[in-house]
S.K.: 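I am attaching a structure below and will ask some questions about it afterwards.
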Amino acid sequence: MEPNVAAAKEALSHLEIETSDSAIRANSRDFFWYSPVLKDRLDHVTADFVVRPKSEAEVIEILKTCYAHDCPVTTRGAGTGNYGQAMPLAGGCVMHLRHLDKVKEIHAGRVITEPGVLLKDLDAACKEHSGQEIRMFSSTWATATIGGFIAGGSGGVGSCTWGSLRDLGNIIRLRVVTMEEEPRVLEFRGEELARVSHAYGTNGIITEIEMPLAPAYDWTEMFVAFDEFTSAMAFAEELANHDGILIKLANVFEAPIAHAYFQRVKPHVEAGTHLVGLMVAPHSLDGFLTFLGRRPEATVIYRSDDNDWARGPGPVFEYGWNHTTLRALKVDPSITYLQVRYGFPNHRDLVERMRTEFSPEVLQHLEVLKEGGKVIFAGLSLVKFTTEDRLDEIIRIHEEAGAMIFNPHRYTLEEGGRQTVDDRQLAFKREADPKGLLNPGKMIAWDDPDWSYQSMYAYPKLQAAE
Ligand code: FAD
């Protein structure tokens, strides 16, 4: 199967096609460079052309045409993903969905939208129309799309209350287009949602999304300072365990993260300050302040509704999730990160063990997450990178201790996930993408079913660096 990219491009020339080399290169990249491992391997990757459909009908036409010419198609929301998710490893077509940006219907408790809508615009539409908001969003709320969040993300701001995207009820329905000789349009609910959510667009393109909503609030954002890391961690968890206090964010930053990397916070903390970031619903402030009154070790240093900082910090959620890594990288380019799951009931012990083992080479950044009704921690630990071997060793020690790693230094679904084949996604790919043209190189089970996961997978058709 030899791709005829030129023929595909020519056949699609009546659509909006990007022709400038610099724009094609920019549209072929995401935030893969957070990982020094991926930066070395993927920096040269570029699509042959970029096309921007304006409707589902144009998406179908692009997939049908590229199928006929064996041309790979990698879908792009806004390209804020890590892991090289949106990078066209084998070249071909990048299909950029920025024009699929209509919020179609808003009802009590749910919204129906196209995938290319920015999370912030979706929230604004829901708030304006009905006083509602999306339950959770990636901290890239201002720049990322809802389609990219579902196909590439996992959870974020709101997950301390609502859990992760993959938890039942957090996505209602997805409409999906297949890449076959005659593309089909399918509607998925319930068990079927797992086929395409967090599948990096490897087995179908999401063209319509139905998501649940919650009442919108003007959240009070805060920073709370502690002298002891253990107290900060306990505070965040215990607050999240108070069922009557509604929060949208609770995260923990080990010292000296706040002092070293949060420029606008720095004047208000010491190098030894451990910080907790919070979003609290206004009607829960009384409950929160009562909780705070029982914690003399906690000092509120910033409140968005009573700000006396000369230079405000901006949204507190833009210090959390993967924005923490971004802020650290801007100050110290040798920083990278890990994604860790500290599961119930040993989560606090595990965090302490990893801290004892690695701090300050690895600094703890924890996000409070609800999982199966329990509060746990997602770790997006900051790692001072030295060598790939040392990074692998740090990962191995975490795994041996029982802390699951979602390795952000790998570009495949399996290695960035639970290191196992997702049979539902693989089975659907066989049906929906029989030529294997959708975001090739991202699903090991498709390319090499016998892969052992002993070492990093290297996609054989990865573009060669020039
Ligand atoms: P893209 O990067 O464009 O795409 C992501 C993946 O989805 C790609 O594989 C792409 O091919 C596929 N895709 C996109 N649209 C479709 C579609 N319609 N159909 C099928 N496949 C599609 N992630 C989180 O989960 N939570 C966070 O809090 C978070 N914080 C982040 C902070 C920073 C600073 C950065 C850089 C990243 C963060 N991420 C986070 C990762 C990323 O931003 C999110 O996953 C984001 O929502 C992706 O949206 P996007 O529009 O940029 O998608």
Side-chain angles (χ1 to χ4, degrees), residues 16 18 23 26-32 34 47 50-56 58-59 62-63 73-88 93-106 110-128 133-159 164-166 170-177 188 193 196-213 315 317-318 321-323 326 438-439 442:
E16 185 178 306
E18 182 60 66
N27 279 281
S28 302
R29 298 164 77 77
D30 60 14
F31 282 70
F32 72 106
Y34 272 32
V50 177
V51 59
R52 301 201 180 97
K54 296 199 170 77
S55 61
E56 184 184 83
E58 289 191 1
V59 169
I62 292 163
L63 295 177
V73 176
T74 301
T75 304
R76 181 177 184 85
T80 68
N82 308 106
Y83 300 83
Q85 294 168 344
M87 295 183 70
C93 168
V94 160
M95 180 166 65
H96 190 186
L97 299 186
R98 65 181 290 182
H99 296 315
L100 293 189
D101 62 353
K102 281 171 223 56
V103 179
K104 291 179 161 176
E105 293 175 33
I106 301 171
R110 66 194 172 94
V111 60
I112 300 173
T113 179
E114 289 187 333
V117 179
L118 296 184
L119 294 163
K120 77 168 171 49
D121 293 337
L122 184 57
D123 247 354
C126 294
K127 193 164 184 177
E128 191 186 336
E133 63 185 27
I134 45 178
R135 287 178 174 176
M136 69 188 75
F137 55 79
S138 146
S139 65
T140 48
W141 177 81
T143 51
T145 66
I146 181 72
F149 185 41
I150 288 172
S154 54
V157 184
S159 290
S164 303
L165 275 172
R166 67 190 174 86
N170 281 335
I171 302 171
I172 299 173
R173 178 179 60 86
L174 297 174
R175 187 175 161 95
V176 176
V177 179
F188 289 164
L193 293 168
V196 291
S197 45
H198 202 82
Y200 294 3
T202 55
N203 57 9
I205 306 310
I206 300 163
T207 53
E208 190 178 279
I209 295 160
E210 189 168 342
M211 293 293 276
L213 298 174
F317 70 77
E318 287 185 355
W321 292 90
N322 232 347
H323 270 78
L326 182 60
L438 286 174
N439 205 355
K442 305 290 169 60

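These figures come from a predicted structure and were not determined experimentally.
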S.K.: Without swapping roles, check the side chain of H198 against the backbone of G153 for a donor-acceptor pair under 3.5 Å.
M.R.: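 Answer holds: yes.
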S.K.: Can you name the nearest heavy-atom pair linking I171 to L193, along with the distance?
M.R.: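 Heavy-atom minimum between the residues: O-CD1, 3.3 Å.
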S.K.: Could you go through I209 and I112, starting from their C-alpha distance and side-chain angles, then the distance that decides it, and tell me whether this counts as side-chain contact (heavy atoms from CB on, under 4.5 Å)?
M.R.: CA-CA 6 Å; I209 295 160; I112 300 173; over 6 Å; no
S.K.: How long is the span from the CD atom in E318 to the CH2 atom in W141, to the nearest 0.5 Å?
M.R.: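 Spacing of CD (E318) from CH2 (W141) equals 8.0 Å.
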S.K.: Give, for atom OG1 of T75 and atom CD of Q85, the distance between the pair rounded to the nearest 0.5 Å.
M.R.: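 T75 OG1 to Q85 CD: 12.0 Å, rounded to 0.5 Å.
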S.K.: Quick one, Y83 and Y200 - any side-chain contact, counting heavy atoms below 4.5 Å?
M.R.: yes
S.K.: A23: what forms a side-chain contact (heavy atoms from CB on, under 4.5 Å) with it, not counting sequence neighbours?
M.R.: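 Only E18, S20, N27 meet the side-chain contact (heavy atoms from CB on, under 4.5 Å) criterion with A23.
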S.K.: Answer whether the closest heavy-atom distance between the side chains of L326 and Y34 falls below 4.5 Å.
M.R.: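 Side chain of L326 against side chain of Y34, heavy atoms only: contact under 4.5 Å found.
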S.K.: Between the side chain of N203 and the main-chain N/O of V196, is any donor-acceptor distance below 3.5 Å?
M.R.: no
S.K.: What pairs with K102 under side-chain contact (heavy atoms from CB on, under 4.5 Å), at least two apart in sequence or on another chain?
M.R.: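 By the side-chain contact (heavy atoms from CB on, under 4.5 Å) rule, K102 matches E114.
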S.K.: Consider only side-chain N and O atoms of N82 and N322, and report whether a donor and an acceptor are under 3.5 Å apart.
M.R.: yes
S.K.: What verdict does the side-chain contact (heavy atoms from CB on, under 4.5 Å) test give for F137 and K120, after you've listed the backbone C-alpha separation in whole Å, the side-chain angles of each residue and the deciding distance to 0.1 Å?
M.R.: CA-CA 9 Å; F137 55 79; K120 77 168 171 49; over 6 Å; no
S.K.: Verify, without hydrogens or angle tests, whether N439 (side chain) and P88 (backbone) share a donor-acceptor contact under 3.5 angstrom.
M.R.: no
S.K.: Does any part of the side chain of L118, heavy atoms only, come nearer than 4.5 Å to the side chain of D101, both counted from C-beta?
M.R.: no
S.K.: Side chains of R173 and R110: closer than 4.5 Å at any heavy-atom pair?
M.R.: no
S.K.: Taking all atoms of both residues into account, what is the closest heavy-atom pair of L97 and P53, and its distance?
M.R.: CD2-CG, 3.7 Å
S.K.: Provide the closest heavy-atom pair for A47 versus S28 in the form atom of the first, atom of the second, distance.
M.R.: N-OG, 2.9 Å
S.K.: Would you say the side chains of R52 and H96 form a donor-acceptor pair under 3.5 Å?
M.R.: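 Yes, because at least one side-chain N or O of R52 sits under 3.5 Å from a partner of the opposite role on H96.
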S.K.: Go through E210 and R175 one step at a time and tell me if the salt bridge (charged side-chain N to carboxylate O under 4.0 Å, His left out) criterion holds.
M.R.: CA-CA 9 Å; E210 189 168 342; R175 187 175 161 95; over 6 Å; no
S.K.: Mind checking whether V176 and I205 have side chains closer than 4.5 Å, heavy atoms only?
M.R.: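 No, their side chains stay 4.5 Å or more apart.
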S.K.: What is the distance from atom OG of S138 to atom CZ of F317, rounded to the nearest 0.5 Å?
M.R.: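 Separation between the atoms: 9.0 Å.
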S.K.: Answer yes or no: is there a donor N or O on one side and an acceptor on the other, between the side chain of R76 and the main chain of R29, under 3.5 Å?
M.R.: yes
S.K.: For P115 and T207, work out which heavy atoms get closest and say how close.
M.R.: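 Closest heavy-atom pair between P115 and T207: CD-O, 3.2 Å.
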S.K.: If only atom types and distance count, is the side chain of K54 paired as donor or acceptor with the main-chain N or O of L100 below 3.5 Å?
M.R.: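 Not at all, since once roles are kept as given, no pair shorter than 3.5 Å links the two residues.
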S.K.: Hey, are the side chains of M211 and I150 touching, using non-hydrogen atoms and a 4.5 Å cut-off?
M.R.: yes
S.K.: Using a 3.5 Å distance criterion without hydrogens, assess whether the side chain of T140 forms a donor-acceptor pair with backbone atoms of T143.
M.R.: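 Side chain of T140 to backbone of T143, a donor-acceptor pair under 3.5 Å: no, none is there.
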S.K.: Taking the side chain as everything from C-beta on, heavy atoms only, tell me whether V117 gets closer than 4.5 Å to T145.
M.R.: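 Counting from C-beta outward, V117 and T145 never come under 4.5 Å.
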S.K.: Using modelled atom types and a 3.5 Å cut-off, is there a donor and acceptor pairing between side-chain atoms of S197 and backbone atoms of A151?
M.R.: no
S.K.: When rounded to the nearest 0.5 angstrom, what is the spacing between CG in D30 and CE in M87?
M.R.: 6.0 Å
S.K.: Measure from the side-chain N and O atoms of K104 to the backbone N and O of E208, and report whether any donor-acceptor pair falls under 3.5 Å.
M.R.: no
S.K.: Please report the C-alpha distance between E105 and T113 in whole Å, then the side-chain angles of each, then the deciding distance to 0.1 Å, and finally whether the side-chain contact (heavy atoms from CB on, under 4.5 Å) criterion is met.
M.R.: CA-CA 7 Å; E105 293 175 33; T113 179; over 6 Å; no
S.K.: Can you find a pair of side-chain heavy atoms, one from V51 and one from E16, that are under 4.5 Å apart?
M.R.: no
S.K.: With rounding to the nearest 0.5 angstrom, report the CD1 to CG distance, I134 to D123.
M.R.: 4.5 Å
S.K.: Excluding sequence neighbours, so at least two apart, what forms side-chain hydrogen bond (donor to acceptor under 3.5 Å, both in side chains) with S159?
M.R.: none
S.K.: Do you know the tightest heavy-atom contact between S139 and W321?
M.R.: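 Nearest pair, atom of S139 first, then W321: OG-CB, 3.6 Å.
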S.K.: Quick one: CD on E133 to SG on C126, what's the gap to the nearest 0.5 Å?
M.R.: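 Between atom CD of E133 and atom SG of C126 there are 9.0 Å.
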S.K.: Which atom pair, heavy atoms only, marks the closest approach of L438 to G201?
M.R.: CB-O, 3.5 Å
